[in-house]
Colleague: 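I have a structure I would like to understand better, so I am pasting it below and will then ask my questions one at a time.
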Number of protein chains: 2
Amino acid sequence: MAEPWHEELRARGYRVTPQRQLVLEAVTALRHGTPEEICTEVQRTARGVNISTIYRTLELLEQLGLVKHTHLGHKPPTYHLATEADHVHLVCRGCGEVYDVTPAVAKGLVDVLEQEYGFETDVQHLTVYGRCRDCRTT
Amino acid sequence: MAEPWHEELRARGYRVTPQRQLVLEAVTALRHGTPEEICTEVQRTARGVNISTIYRTLELLEQLGLVKHTHLGHKPPTYHLATEADHVHLVCRGCGEVYDVTPAVAKGLVDVLEQEYGFETDVQHLTVYGRCRDCRTT
DNA sequence: TTTATTGCAAAACGTTTGCAGAATT
DNA sequence: AATTCTGCAAACGTTTTGCAATAAA
């Protein structure tokens, strides 16, 4: 149980709690979970955990650089592990599925924006809406 | 005052009201306004207009294809005219500025997603986060 | 023992809804 | 006159906050 981020927490004066471990596990398991979904997942193990603890924990974990969030359409923000390989999100309007693809797909875009506008793209936060292969044929 | 969309409205059994005109004007003026901002803008001319009317009107205007909305980061959805040339949004994390650029910048991305994943990109809804030229040098 | 963290309840925020009165047709 | 539209107030779902009790250090 001596996970590396435990020391990280203590070093900064924070404490390691069951709730914090469970939230991190839920984020890992769900891959793209909203706070609500993460709460439900956590409560499968520990019923008493309150939604406000989920919010506070997510904020802390994000601040520590352990998780990140993205905005996928209308829905509440979704959280994922920061240690996951960087990826671009493809959101299908048909089925709502979220696909992770390599940031390499955005190379052309990134280069153009850099050259033409002097704009530095945050590729990790890129979300592309559209229709996936399955939903186009259906 | 015989604007083309007036007939469009009446033809569908809707009515032309001052509120609806004001909302459309506010959307035009603000370029990327949230419902709240649009409400404030409208109220500069007509004080009594209620926020719920703003929401209902935006929904209607969007349904009629006169306006569109996009999700720009944390903030509530922002609305813009549908008749504006299609564009990709660049959102600067530094100053919060929203830039509109030609969809052509996304050609490389669109092609790769099409070929590699069979994914049909909705370019008009593409938002890219990053840092603009000004904020990079500052 | 100290003090960060939690659960709870209440507040805050953006958005939606029901309804009676006002306005457009 | 008929019916859509508006303003108001209340409800809603999500997120934040204050606080006393709990638990990690």
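Only heavy atoms go into these numbers, but all of them, side chains included; no hydrogens, no water, no symmetry mates. So that the names make sense, note that chain A is the first sequence line, chain B the second, and so on, each numbered from 1.
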Colleague: If you look at every strand shown and take non-hydrogen atoms under 4.0 Å, does R10(A) touch a base, only sugar-phosphate, or nothing?
Modeller: sugar-phosphate

Colleague: May I ask you to say what S52(B) touches in the nucleic acid, namely base, sugar-phosphate or nothing, with a heavy-atom cut-off under 4.0 Å?
Modeller: base

Colleague: Using the salt bridge (charged side-chain N to carboxylate O under 4.0 Å, His left out) rule, pick out the option among R136(A), R131(A), R133(A) that qualifies with E114(B).
Modeller: R136(A)

Colleague: Is atom CD of E59(B) surrounded by more than 12 heavy atoms (other residues, nucleotides or ligands) closer than 6.0 Å?
Modeller: no

Colleague: If you compare every side-chain N and O of Q19(B) against the phosphate oxygens of dA23(C) (OP1, OP2), does one of them come in below 4.0 Å?
Modeller: no

Colleague: Five pairs per end, C1' atoms only: what is the angle between the end axes of the helix from dT1(C)-dA25(D) to dT25(C)-dA1(D), to 10 degrees?
Modeller: 30°

Colleague: Where the side chain of P35(A) is defined as all heavy atoms beyond and including C-beta, which of dT25(C), dT5(C), dT15(D) is the nearest nucleotide?
Modeller: dT15(D)

Colleague: DNA chain D: R56(A) or E36(A), which has the more 5' nearest nucleotide?
Modeller: E36(A)

Colleague: Phosphate oxygens OP1/OP2 of dG7(C): is one of them under 4.0 Å from a side-chain N or O of T53(A)?
Modeller: yes

Colleague: OP1, OP2 of dA23(D) versus side-chain N and O of T17(A): anything below 4.0 Å?
Modeller: no

Colleague: So, Y14(B) and Q63(B): side-chain donor and acceptor under 3.5 Å apart, yes or no?
Modeller: yes

Colleague: When you check the side-chain N and O atoms of H32(B) and D100(B), is any donor under 3.5 Å from an acceptor?
Modeller: yes

Colleague: Would you indicate, yes or no, if dC5(D) has its OP1 or OP2 atom less than 4.0 angstrom from a side-chain nitrogen or oxygen of R20(B)?
Modeller: yes

Colleague: Atom NE2 of H74(A) and atom P of dG14(C): how far apart are they, to the nearest Å?
Modeller: 17 Å

Colleague: Measure CZ/R15(A) against P/dT2(C) and give the value in whole Å, please.
Modeller: 12 Å

Colleague: So which one's nearest nucleotide on DNA chain C is more toward 5', T57(A) or P76(B)?
Modeller: T57(A)

